[in-house]
Amino acid sequence: MRSPGVGLEAGAAAYASHAKDRNGTVMMGSFQFGLDSLPVAAAMMQFKPPAASTIADSVDQLYLFLTGITIFFSVLIFSIIFYFMLKYRRKAPGETGTATHTPMMLELTWTIIPSLICVVLFVWSSSLYVRNGRPPASSTEIFVIGKQWMWHLQHPEGPREINELHVPVGVPVKMTMTSQDVIHDFYIPAFRVKKDVLPGRYSSIWFQPTETGTFHLFCAQYCGTNHSEMIGWVYVMSPTDYATWLAGGEKTESMAAQGEQLFSQFGCGNCHSPDAGSHAPPLAGIYGKPQKMQSGETRVVDEALIRQSIYFPSSVHLPGYQQIMPTYQGQIDEEQMLQLIAYVKSLSSEERMSGK
Amino acid sequence: MSTAIAEIHETPAESGVNYLNATYGIKSWLLTLDHKRIGLLYLGSITLMFFVGGMAAVMMRLHLVEPQGALFEPETYNKMFSTHGIIMVFFFLVPSIPATLGNFLIPLMIGARDVAFPKLNLLSWYIFITGAALALYATLSGGVDTGWTFYPPYSSLYSHTHVVAVALGVFIAGFSSILTGLNFIVTIHKMRAPGMTWFRLPLFIWAMYATSLIFVLGTPVIAITLFLLGMERILHVGIFDPAVGGDPLLFQHLFWFYSHPAVYIMILPGMGVISELITAFSRKKIFGYAFVAFSSLSIAVISFIVWGHHMFVTGQSIYAGLVFSVLSFLVAIPSAVKVFNWTATLYKGSISYEAPMLYALGFIGLFTIGGLTGLFLAALATDVHLNGTYFIVAHFHYVMVGGAVMAYMGGLHFWWPKITGRLYPDLWARIAAAIIFIGFNLTFFPQFVLGYLGMPRRYAIYPSEFQVLNVMSSAGASILGIGYLIPLIYFIWSMRYGPPAGPNPWGAKGLEWTTQSPPLTENFPTIPIVTEDAYNYPSEGAHV
Amino acid sequence: MSDLAHGAHPQGFAHQFEDIEQQRDAGRLGMWVFLVTEILFFGGMFTSYTIYRALHLESFIQGSHQLVVKYGATNTAVLILSSLTMALAIRAAQTGKKKGTIIFWLILTMILGATFIGIKLRFEWFRDYQEGLIPGVQWFYNGPHAPGVRMFMCFYFFMTGLHAIHMVVGLGLLTVLVVMTARNKFSSEYYTPLEVSGLYWHFVDIVWIFLFPLLYLIGGRYQ
């Protein structure tokens, strides 16, 4: 589904031709394609990035409407000003203007109409925002760690990427992201998605690509010296190509399998297993379930709580358990943390260990 | 009886004493208590800061003509944009109109002899230049690379630059703002001439009052924020470090709690100037006086509750996003009301096109565009795509430069004859205004396009498909730079060679125009008694 | 309104004003505006403290227990008393008492203010130094919740330090007032500097009244 736009076909061709050259030696923007006529080349000045996700068109429509409002009111004000400038220019040196009275109706009108426009804009943009914020339940999850100055991406099946993201077209993808150092921001203009990536917490976005192709990935929150080099490419592939890509490359274990190895490497099973007595809460099937805390508050067991429990165990009180878990801060890095979390997620209810 | 205004061009007597020549010597300036001289001291300091910040901008735009960067290593570019932002925001825009035109004009416009606390006024200038000197020194000895926003953890744990020194400079300069705001509030409340009721005040005073409210309420918060950042950096307190239980987003909330109202500090005085210029050059009462006055106050109040719109993509809750979004739309309405009222003031006016009016008209157009592009950012769904891109940069430059700086230039040109007693060459002034207008639009309009295309801001190098628009923008910046240099030259020239101005070269209404140019040190020989509304131009009657 | 003839203004009249009433009104309004800025200033700190207390309650309780309540309580009493003596000084000026009386109350206020700082320095901060409770300067706390206790102590020193700086400024103001009184600058018609300094002093007192429970009394010491 192509969106309208000036010379978008040519623009898309330009994008495709950039894709061949993704290692930094990119060609001059608008001038190189094998397009013949100059008018076309001139007309191909792009005004927006490719609309390559399910939400891109709706965002573009809102943007177009906003542009229309801006143009309308700017032209209105400019024209009225020009008209008055000409019509009421001073004709003689001592001349003054003519007093006019301020009708309340006029003041109210030009207060209420902009307010109504703002209401429309607010409702439209908010409903879009809320809708766009909810990932479909069937989303594939991909994990992102931002660090100065690169993006580490990990597929749950195992493959890891740096500054590149391969995804299948037509499948919703949820990115769960954290930073290893400063605040970064994960931005894919073609999908119209962006979210800050912070240290010490997980943030997430989702998107569903609608066309294959190669699209920019940028860091959009200033993060230090090489902020402008923290960029990459998103490759949207057909499902078969994606499956091939996933299976190819070096053999890697799934994140959950790697997590399982870490679980035994760090001796988590010493407490969190059926033979360990009742030292530690059982982990099977707890992911996604509500958990009552000592303070009475109920929290859902999500990535954030698991991370908090491993890095700051003394801040997590469960009723009936002593606080004897040591902290693993400094021993487990963010990537390993995500693998451990994947492992915990994978523990199904049938394997639920006995315990309180 | 003629209803026309006699345009007075008398030459003041050769032996005319005024505030400029009443006392001589450097001590009489450095220890002055005269609000007019203090205004000029500020004028000199902030003009210097403007050109320093402007140099940084020129360097940045020259660097960006090439995708791989034409001039600097990324580290240096990062310092350039940080310097540009810090100097322009804290040491130019925030003090500009208030400390120069505000200091000079407020007592004159309300019929007082000086501000309420002249010694505090002088102190505020010394505090300002102390902070500015420290920030400049830190800049020249290595600078900072955190951006003017100083976000931790980068600024607290990772940056190897002079963060504390620059933050301290800003911290110190903040007290200058607080004292200025305090002085203005008390002056406007307590020192109006007999008969100068609130609703007879020029709208510039309403705007300065609203601005002063923001000065006193917002600035202390940035002071504490920078203090905490400094402590974090020196003592590693941990309040912004997640590894020890802190939260970097707390910094952002504290920072924007001031910095959003701060942008209204920058624009409200400009709006006040525009009200004066439009009425003076249409020779007409302002359309909707009460609406414009109350709009200034509403903008000041609402400005304190919209800060979260800078944080829509930080992961704050959807509800917070919705609240800040609706309030951000709300704050746009009073500004729109003002634009309509200014435009309507032109109706049946008697309009002339000297340089101040050209700046005022340019303001209205560019502020309209800049303000409307703010709606794209108040709207959650589009802000997600646009945040952190050049669209933001374009938006705020349209309102800050196309708005506030043009208003400042218009005000300088309008009141220059009053301040110096001299006229500047209007032809050159109009040429410069046109060059600035053209250069400005060429610089910043392409940045809207760059933003939607996805080019992030604060990038030292960028994908080559963005080059054409970047080159356009840099070309515009060169033109803009020339545009700003021209007034510098003719203003300085006019101080010695400009023809004498006379009390009221524009035939404008307002107490300041009833005094000689330049005014006496004590402003008025006797305190005037006010009997008429603001902008009480005689109506031409049957003029069509 | 004033029935002083123009030109026959009392001592201390400043010529940007039209009459002494205007000057007095302006001085009062100016001090109130300044105090509002101080509320925002301390408010930023209080807000940050409150947020972190909510996020790390147990650490902050632990941190609070490192403070000695009796010194804080004594200081509270000292400051409240000093506000009384300050008010009495202003009252003395208002009712036209001899300058000796005014100076007596002012000096008493200064003694109490200095006592406050003395107790802080000698019994609290010096003790904190000895026990290694000053982050970044002398820190060897190794009890439970060390990172959170460290954060608490940072806030403690920032907040009480900022407050103490304001106290010292207040002492400076009082010194100037004593000198001005001695030089006969005040009368029952004009004592505005005393009045606005009194406002400032009361404000600094009120800040302490918020600080004391927030810092010293949290954490169920009295359960």
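The sequence lines fix the lettering, A, B, ..., with proteins before strands; numbering per chain opens at 1. No experiment lies behind these values; they were computed from the predicted model shown.
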### Query
Is chain B contacted by the side chain of A:I112, its backbone, both, or neither, given a heavy-atom distance below 4.5 Å?
neither
### Task
Take B:V449 and A:K48 through the side-chain contact (heavy atoms from CB on, under 4.5 Å) test and state the conclusion after the steps.
CA-CA 8 Å; B:V449 182; A:K48 53 203 178 96; over 6 Å; no
### Query
Is there side-chain contact between B:F287 and A:P103, with at least one heavy-atom pair below 4.5 Å?
yes
### Task
Heavy-atom distances under 4.5 Å only: say whether A:Y187 touches chain B with side chain, backbone, both or neither.
side chain
#### Entry: Note, A:S74 side chain near B:L372 side chain (heavy atom, < 4.5 Å)
yes
### Query
Can you say whether A:R131 sits under 4.5 Å from chain B via the side chain, the backbone, both, or neither, judging by heavy atoms?
neither
### Residue part contacting chain A, namely of B:F291, when any heavy atom lies under 4.5 Å
side chain
### Task
Check whether B:F81 gets within reach of chain A through its side chain, its backbone, both or neither, counting any heavy atom under 4.5 Å.
side chain
### Task
Determine, using ring centers only, whether B:Y151 and A:Y222 are less than 6.0 Å apart.
no
### A:F78 versus chain B, the contacting section by heavy-atom distance below 4.5 Å
side chain
#### Entry: Plane angle bin for B:F466 and A:F218 - parallel if under 30°, tilted between 30 and 60°, otherwise perpendicular
tilted
### Task
Mark yes or no for whether A:S228, through its side chain, and B:A460, through its backbone, hold a donor-acceptor pair below 3.5 Å.
yes
### Task
Please state whether the side chain, the backbone, both or neither of A:I55 comes within less than 4.5 Å of a heavy atom of chain B.
neither
#### Entry: A:P189 side chain near B:H385 side chain, heavy-atom distance below 4.5 Å
yes
### Query
Quick check: does any side chain N or O of A:R192 sit under 3.5 Å from a backbone N or O of B:V384, one acting as donor and the other as acceptor?
no
### Message
Between B:S539 (side chain only) and A:A99 (backbone N and O only), is there a donor and an acceptor less than 3.5 Å apart?
### Response
yes
### Query
With only heavy atoms counted, which part of B:P334 is less than 4.5 Å from chain A, the side chain, the backbone, both or neither?
neither
### Message
With a 4.5 angstrom heavy-atom cut-off, is it the side chain or the backbone of A:T67 that approaches chain B, or both, or neither?
### Response
both
### Task
Taking the side chain as every heavy atom from C-beta outward, state whether B:R283 and A:R90 have any pair of such atoms under 4.5 Å apart.
yes
### Task
Give, as side chain, backbone, both or neither, the part of B:Y452 having an atom under 4.5 angstrom from any heavy atom of chain A.
both
### Task
Against chain A, label B:Y77 side chain, backbone, both or neither, depending on which of its atoms sit under 4.5 Å from a heavy atom there.
neither
### Message
Donor-acceptor check, side chain of A:K195 to backbone of B:V313, threshold 3.5 angstrom: yes or no?
### Response
no
### Query
Where on A:I117 is there a heavy atom nearer than 4.5 Å to chain B: the side chain, the backbone, both, or neither?
neither
### Query
Any idea which heavy atoms bring A:I81 and B:T343 closest together, and the distance?
CG1-CG2, 4.0 Å
### Query
A:L198 versus chain B, heavy atoms under 4.5 Å apart: side chain, backbone, both or neither?
side chain
### Test item: B:Y154 and A:D181 side chains (from C-beta on) under 4.5 Å apart, heavy atoms
no
### B:F367 portion near chain A, given a 4.5 angstrom heavy-atom threshold
neither
## Note on the structure
Answer key: most heavy-atom pairs under 4.5 Å with chain A among B:S352, B:G371, B:G315 is B:S352
### Message
Is the shortest side-chain heavy-atom distance between B:Y353 and A:R89 below 4.5 Å?
### Response
yes
### Task
For chain B, find which of A:C219, A:S179, A:S315 contributes the most heavy-atom pairs closer than 4.5 angstrom.
A:C219
### Task
Describe, in one word, how the ring planes of B:F376 and A:Y63 are oriented to each other, choosing from parallel (under 30°), tilted (30 to 60°) and perpendicular (over 60°).
perpendicular
### Query
With respect to chain A, which residue among B:L157, B:L249, B:D241, B:I318 yields the maximal number of heavy-atom pairs within a distance under 4.5 Å?
B:L249
### Task
Measure B:T146 against the heavy atoms of chain A and call it side chain, backbone, both or neither at under 4.5 Å.
backbone
### Message
Taking CZ in B:F72 as the centre, count heavy atoms belonging to other residues, nucleotides or ligands within less than 6.0 Å. Is the count above 12?
### Response
yes
### Message
Heavy-atom cut-off 4.5 Å, strictly under: side chain, backbone, both or neither for B:Q252 against chain A?
### Response
side chain
### Message
Is it the case that the side chains of B:N341 and A:E107 hold a donor-acceptor pair, with the cut-off being a distance below 3.5 Å and no angle test?
### Response
yes
### chain A contact via B:I333 - side chain, backbone, both or neither, heavy atoms under 4.5 Å
side chain
### Message
Within the supplied structure, the quantity of interest is the number of heavy atoms (other residues, nucleotides, ligands) at a distance under 6.0 Å from B:Y347 OH; does it exceed 12?
### Response
no
### Query
So, A:Q221 side chain and B:G388 main chain: donor-acceptor pair closer than 3.5 Å or not?
no
## Note on the structure
Under 4.5 Å to a heavy atom of chain B? For A:S126 that would be both
### Task
Find out whether A:K194 and B:T389 are in side-chain contact, i.e. whether some heavy atom of one side chain is under 4.5 Å from a heavy atom of the other.
yes
### Message
Would you say A:T100 and B:K284 are linked by a side-chain donor-acceptor pair, where the criterion is simply a distance under 3.5 Å?
### Response
yes
### Message
What I'd like to find out is whether the side chain of A:R201 reaches to under 4.5 Å of the side chain of B:P242, using heavy atoms alone.
### Response
no
### Query
By number, which residues in residues 323-332 of chain B have some heavy atom less than 4.5 Å away from chain A?
B:S325, B:V326, B:F329
### Query
With under 30° as parallel and over 60° as perpendicular, where do the rings of A:H227 and B:Y459 fit, or are they tilted in between?
perpendicular
